[in-house]
Each structure stands twice: as C-alpha cells, then as structure tokens.
Amino acid sequence: MMQCFHFMVEPAKNITAKLKESHKRAKKEKKEPLEENQLFVVELARDLSRVCQKSEVLENIWNLDDTWPTPLCRAFILEWASMLESKKRPMQTDGWPEKDEGKQQDLATEQDLQQAKTVIFNWIKDLRAQPEQSVWPGEPVAKALEDLQSAWRWGRVPNLLTAMELVMWTLMSQRPDKDTIPQQWLIWKQRTQKIGAAHYVPQSVWEWMSDAAVEVTLDLDTANPDLLISNDEKRMRCGFERKDMPNYHQRFDGWWCAVGVEGFSSGRHYWEVEVGERDWRLGVAKESALRKGFKSLNTDTGYLTLRLERGTELKALTVPFTALPPGLIPRKVGVYLDYDQGQLSFYDVDSRSHIYTYNESFAEKLFPLFGTVEIIKDLVIRSPVVKTHFLCPTSCLWG
C-alpha cells in the first residue's frame with residue numbers, strides 16, 4: 001500500500017517558479033533541458049552542498065555533470081519524502097524506517113510525487129535558514145564523499161546517488177556523533193534494497209567490514225567424500241573418485257559441500273572466496289540444517305546461500321529462488337555476516353559492489369558454507385590477514 005504523506009502544503013506556484021528558474025539556467029549554460037524531477041534533484045543537491053562541509057562532490061550534480069535518469073530522480077524523491085515524514089526519526093533505536101521494496105514507486109501517482117516534493121521543499125526552507133558550511137559531516141562521511149567523487153570520475157560508479165544519501169543522512173541526523181553514519185547507511189540500504197543496494201561501497205565502509213575479517217578453514221569431517229581439500233584446508237575442488245570416509249552425521253553425502261570449522265552466534269564476521277566460473281554456492285548453514293542427500297539447500301532447509309549455475313544463472317536460494325542480474329556475477333566474493341543486525345551480505349570484491357543481502361533474525365549458530373562442482377579450478381578461501389605472494393606447486397598443496 002502506498003504510504004500517505006502528511007505535510008504542510010507549500011503553494012505549488014512557488015515550486016513551479018523555482019523549477020522554471022533552474023530550467024532557464026540549464027539552457028543558459030547550453031546544457032540539455034532537464035525534466036522536472038531531474039531539476040528538483042539538481043536544486044536539492046545545491047542546497048545540501050551549501051550547508052554541509054566537505055560536500056563539494058555534489059557540485060557535479062547541480063552543475064549538470066552528473067545527470068540522473070528521470071526514474072532514479074522520481075524514486076529518490078519519493079523515498080526521501082517518506083523518510084522525512086516518518087514518525088520514527090533517523091539514527092535512533094535501530095536506524096531508518098523500513099519501506100516496502102518496489103511497491104512505493106510502482107504505485108505512486110503524480111499527485112503522490114507532487115506531495116513528496118512539497119515535503120522535501122518544506123524541509124529545504126528550514127535548511128536554507130542555516131549558515132553556509134555550518135554542518136560538519138564527521139570524518140568518516142567526509143572520507144566517503146571524497147572516495148565517491150574519485151570513483152565517479154574514474155567511472156566506477158554510475159552516479160552520485162550514494163553521496164546525496166550520505167549528505168541527506170548527515171543533515172537529518174540529530175546526533176552530534178556522526179562517526180557511524182556510513183555504516184548505518186549500508187545497513188539501511190541492504191535492509192530496504194536486498195539486490196544490488198550499492199554499486200560501489202566507499203572505502204571507509206569497506207574498511208569497516210574488513211575489520212571484521214576472520215580466518216575460515218574447511219571442516220574435513222563435513223566435506224563430501226568427492227571433494228579434494230588442500231593441506232591448509234582453504235582450497236577445494238571435486239575429485240574423480242569418491243573417497244572412503246566415515247559417514248558422520250554432519251558430513252554432506254549428496255551435494256558437493258563443506259562448512260567451516262568455526263560457527264558464529266554473535267558479532268560481525270567477514271571472509272573472501274575466489275569462486276569458479278561454472279557452478280558454486282556460498283553462504284551459511286544453520287547448525288540444525290540437514291546435510292544428507294540432495295534436498296534443496298535453501299531458506300526452508302536452513303541455508304542462506306548464493307548459487308551460480310552453468311556459469312550464467314546467479315540465484316539467491318530463497319523460496320522460491322530469487323534470480324539475480326547477470327551483471328552481478330563475481331569472480332571473488334566477500335561474505336559479510338552481521339549476526340546481531342540479522343544480515344548476511346554478499347559483495348563483488350573486485351568492484352566493491354553489493355550483490356545480495358538476507359535479512360533475518362538469527363537464533364542459532366551459523367557455519368560458513370562452500371560448494372563447488374569444479375574439477376580443475378579450486379574454490380579458494382582467501383586469508384584476510386596474510387596474503388601469499390609465492391604460489392607453491394599444486395603438488396605441495398594437496399594431500
């Protein structure tokens with residue numbers, strides 16, 4: 001259901017006059033004329049950068065170097081008007097209010113959009129009363145904005161939406177301590193947009209995740225007998241013959257999988273995996289999850305995983321499964337578990353972009369899960385601490 005906005009109505013002619021003024025300015029600067037929603041975002045970026053220090057990156061929006069497509073502008077306006085009108089203020093208790101993923105934008109009418117603009121416009125009036133450059137965003141946000149500007153200039157991010165969101169969050173926050181804003185932004189994004197929430201994770205946020213890095217090794221007593229495990233217990237691939245091993249209750253005897261030695265029941269944990277190009281699965285297995293046979297390893301059976309099939313079909317194994325865009329298929333995957341926040345997230349390490357997030361209230365121990373059908377290329381768990389510069393021959397890795 002579309003969220004209703006409660007607002008003080010600003011005369012529509014005031015908004016229209018402002019948009020016409022921006023339109024004239026765009027023509028004068030010999031830029032392509034913009035649509036009304038685009039112009040609204042342009043003016044908002046100008047107002048934000050006037051008040052917030054270290055937000056020079058937004059100049060790229062209001063000087064029309066970074067022009068967003070109309071659907072993105074429309075979605076941004078609706079979302080942030082909803083944030084402003086929420087009774088639950090940001091940066092309190094568990095963070096930002098929730099939204100119905102995809103429904104709000106699809107069901108919004110033009111009248112809803114105009115009301116949303118009025119909500120934001122009324123907030124801007126109060127913002128304009130503040131002195132120029134009067135708000136310090138905090139060092140983590142400032143670093144994130146600087147990193148985003150560099151990434152945008154080098155073409156690593158398609159637009160500066162994340163920069164706008166971080167500045168908006170900064171100016172809406174009533175807390176003097178703004179050091180956790182980038183982290184809270186990521187948690188919120190992944191809770192409200194499970195697929196591809198961030199095209200690029202700023203360096204400061206990536207470092208925060210990496211600080212939770214843990215050593216993960218494969219538990220030999222859980223590995224399918226068809227799997228070959230390296231001596232350091234960080235590499236696996238399928239062999240040609242099934243080994244004769246005790247069929248422990250915790251061992252996979254159907255799917256070609258193994259879990260990590262250590263399970264997690266609290267805190268933050270991050271690990272990285274180099275995956276094959278044909279078929280793999282990664283995620284976590286609940287302690288109570290059944291490991292025998294070929295029953296689907298999905299959310300109904302106690303698994304939160306991503307799987308690549310036939311090299312082209314990337315899926316989150318929800319029930320029913322969630323198909324993910326081919327453009328999100330990674331070569332190196334970062335897996336980030338925030339047990340207390342109830343999030344399991346997957347990232348493309350090479351592009352530092354978000355792939356998918358499971359949001360769930362965890363109630364039992366979770367074990368890192370790994371699966372592959374590759375017979376030549378290893379699935380490799382990379383150490384978060386020691387990076388190997390010397391690759392020894394295959395013969396010294398395998399037992």
Using 30° and 60° as the class boundaries, would you call the ring planes of Tyr270 and Tyr336 parallel, tilted or perpendicular? tilted
Parallel, tilted or perpendicular: ring planes of Phe76 versus Trp80, cut at 30 and 60 degrees: tilted
Can we say Glu313 and Arg310 salt-bridge, meaning some charged N sits less than 4.0 Å from an Asp/Glu carboxylate O? yes
Ion pair check, Glu36 and Lys117, cut-off under 4.0 Å: yes
Ring centres under 6.0 Å, that's the criterion: do Phe362 and Tyr339 meet it? yes
Tyr347 and Trp206 aromatic centres sub-6.0 Å: yes
Has Arg291 got its NZ or CZ under 6.0 Å from the middle of the six-membered ring of Trp255, at an angle within 45 degrees of the ring axis? no
Full working for salt bridge (charged side-chain N to carboxylate O under 4.0 Å, His left out) between Arg153 and Asp66: CA-CA 10 Å; Arg153 286 175 174 171; Asp66 177 32; over 6 Å; no
Would Glu374 and Lys377 satisfy salt bridge (charged side-chain N to carboxylate O under 4.0 Å, His left out), going step by step from the backbone distance to the final call? CA-CA 6 Å; Glu374 295 276 1; Lys377 185 173 182 179; over 6 Å; no
Apply salt bridge (charged side-chain N to carboxylate O under 4.0 Å, His left out) to Arg237 and Asp378, showing your working. CA-CA 5 Å; Arg237 66 171 183 254; Asp378 299 338; 2.9 Å; yes
Holding to side-chain contact (heavy atoms from CB on, under 4.5 Å), I want the full list of residues that pass it with Asp126, two or more places apart in sequence or in another chain. none
Qualifying residue, where the test is side chain to side chain contact (heavy atoms under 4.5 Å, CB included) with Thr162 and the options are Leu148, Val157, Leu145: Leu148
Residue pairs fulfilling side-chain hydrogen bond (donor to acceptor under 3.5 Å, both in side chains) with at least one residue in residues 216-225, sequence neighbours excluded: Asn224-Arg242
Partner set under salt bridge (charged side-chain N to carboxylate O under 4.0 Å, His left out) for Arg251, not counting sequence neighbours: none
